[in-house]
Amino acid sequence: MIESNANAQIKKIQKLKKSARFRRQERLFIVEGWKMTEEALNRGLVRSLYFSVSGEKEYAGRLSGYGREVPSEILSDRLFSELTDTVTPQGVLAVVEMPQYDRAQFAHSKNAALLCLEDIQDPGNLGTMVRTAEGAGMAGVVMSKRCVDLFNPKVVRSTMGALFRVPFFFCEEITTDVELLKKEGFTIYAAHPRGQKMFTEETYSGRVGILIGNEANGLSEELSNLADKRVRIPMEGQLESLNAAVSAALFMYEVHRNRR
């Protein structure tokens, strides 16, 4: 049993939780709870498992049948509670390899619909968008390099496992990638307060890219100018804009509604 936070494995877990640079360097991140751990186990991505004393009694017996033996350790309940961000920890966390997707896997299908995100900063927003993208049947999520780290623990929790099921792609310059999507036959839509049509008045047929911008500043002018069509979301009262995750959800489900 590991009881000290001076243990090398514990130090690595703590660093993976805190440092996006270290996560990228190691190509690893942390998941908590059995649901997320099971998602990673099903995909053969779990590098190592850690149980609290109480969690080991409940979950260790579920590990058979995942194809390979995963190294595991038991932590004291006190130490485990220090590592977790949840109020009521389930007693299991895992060090997991980052899923990787080839851009061609989701950008080249005949009727692909992509969510394209520019500089999203709030972890809860990004996680919610990825989760909603799965629910709305999006082919994938494209993220600019200045978005909050997808493997930030708060983002991971907010995705509710969707990050293991929704293909994603990080781009150095999102304008370059959107220009490439246009060349590949994608129609690009952007929410804009001066959009000529309501977002519900488009048909979103064929290949579609939906642009969602930074929470504070919206879409950059450069990216907004790449949109083939600007559409607006109706708002009452004195609001100037909606929450980015809400706007994304409205757009994605309108695409879904038009394709049923």
So, R47 and E97, do they make that salt bridge, N to O below 4.0 Å? yes
Carboxylate-amine/guanidinium contact E39 R43, below 4.0 Å: yes
According to the interplanar angle, ranging from 0 to 90°, do the rings of F251 and Y204 count as parallel (below 30°), tilted (30 to 60°) or perpendicular (above 60°)? perpendicular
Looking only at heavy atoms, what is the nearest atom pair of A162 and E134, with distance? CB-OE1, 3.4 Å
Identify the two heavy atoms, one from S48 and one from V70, that lie closest to each other, and give their separation to 0.1 Å. CA-CG1, 3.9 Å
Testing the 3.5 Å rule here: is there a donor-acceptor pair between the side chains of E118 and S220? yes
Going hydrophobic residue to hydrophobic residue with side-chain gaps under 4.5 angstrom, can you get from V166 over to Y253? no
Test item: Q9 and Y50 side chains (from C-beta on) under 4.5 Å apart, heavy atoms: yes
Hydrophobic cluster identity match, F164 and V130, side-chain contacts under 4.5 Å: yes
Begin from the C-alpha positions of E3 and S76 and carry the test side-chain hydrogen bond (donor to acceptor under 3.5 Å, both in side chains) through to its verdict. CA-CA 5 Å; E3 299 184 84; S76 68; 5.1 Å; no
In terms of side-chain geometry, is the basic nitrogen of E26 or K12 positioned less than 4.0 Å from the acidic oxygen of its partner? yes
Within one Ile-Leu-Val-Met-Phe-Trp-Tyr cluster: I2 and L93, side-chain cutoff 4.5 Å: yes
Approximate separation, where rounding is to 0.5 Å, of D177 CG and L223 CG: 10.5 Å
Can you confirm whether the side chains of N225 and R230 place a donor and an acceptor under 3.5 Å from each other? yes
Is there a continuous path of hydrophobic side-chain contacts, each under 4.5 Å between heavy atoms, that joins V96 to L83? no
How long is the span from the CE atom in M138 to the CE atom in M252, to the nearest 0.5 Å? 6.0 Å
Tell me whether the centres of the aromatic rings in F168 and Y101 are closer together than 6.0 Å. yes
Interatomic spacing from CG in L242 to CG in L250 - rounded to 0.5 Å: 6.5 Å
Give a yes or no on whether a salt bridge exists between R232 and E201, defined as a side-chain N under 4.0 angstrom from a carboxylate O. no
Would you say that V156 contacts L163 through its side chain, given a criterion of any heavy-atom pair below 4.5 Å between the two side chains? yes
Taking every heavy atom of D77 against every heavy atom of S52, the minimum-distance pair comes out as OD1-CB, 3.2 Å
Does the side chain of N258 pick up a donor-acceptor pair with the side chain of E254 at under 3.5 Å? yes
Assess the side chains of N125 and E215: does a donor N or O sit below 3.5 Å from an acceptor N or O? yes
So is K229 actually on top of Y189's ring, under 6.0 Å and inside 45° of the axis? no
Can any side-chain N or O of R23 pair as donor or acceptor with the backbone N or O of F29 at less than 3.5 Å? no
Non-hydrogen atoms of L126 and L117 that approach each other most closely: CD1-CD1, 3.6 Å
Could you measure the distance from the CZ atom of R157 to the CG atom of N152? Nearest 0.5 Å is fine. 8.0 Å
Determine, stepwise, if the pair L49 / T37 fulfils side-chain contact (heavy atoms from CB on, under 4.5 Å). CA-CA 9 Å; L49 281 164; T37 298; 3.4 Å; yes
Do V95 and L16 touch side chain to side chain, with heavy atoms closer than 4.5 Å? yes
Non-hydrogen atoms of V46 and A94 that approach each other most closely: CG1-CB, 4.0 Å
Taking a hydrophobic cluster as the set of Ile, Leu, Val, Met, Phe, Trp and Tyr residues connected by side-chain heavy atoms closer than 4.5 Å, whether directly or through intermediates, do F51 and I10 fall within one such cluster? no
Hey, what do you get for CD1 (I74) to CE (M1), rounding to the nearest 0.5 Å? 6.5 Å
Where is the tightest heavy-atom contact between K154 and P123, given as atom of each residue plus distance? CB-CB, 3.7 Å
Between D228 (side chain only) and I188 (backbone N and O only), is there a donor and an acceptor less than 3.5 Å apart? yes
Under a 4.5 Å cut-off applied to non-hydrogen side-chain atoms, are P234 and F199 in contact? yes
No-hydrogen, no-angle side-chain donor-acceptor test under 3.5 Å, S144 and D119: yes
In Å and rounded to the nearest 0.5 Å, what is the CE to CG distance from M129 to L115? 6.5 Å
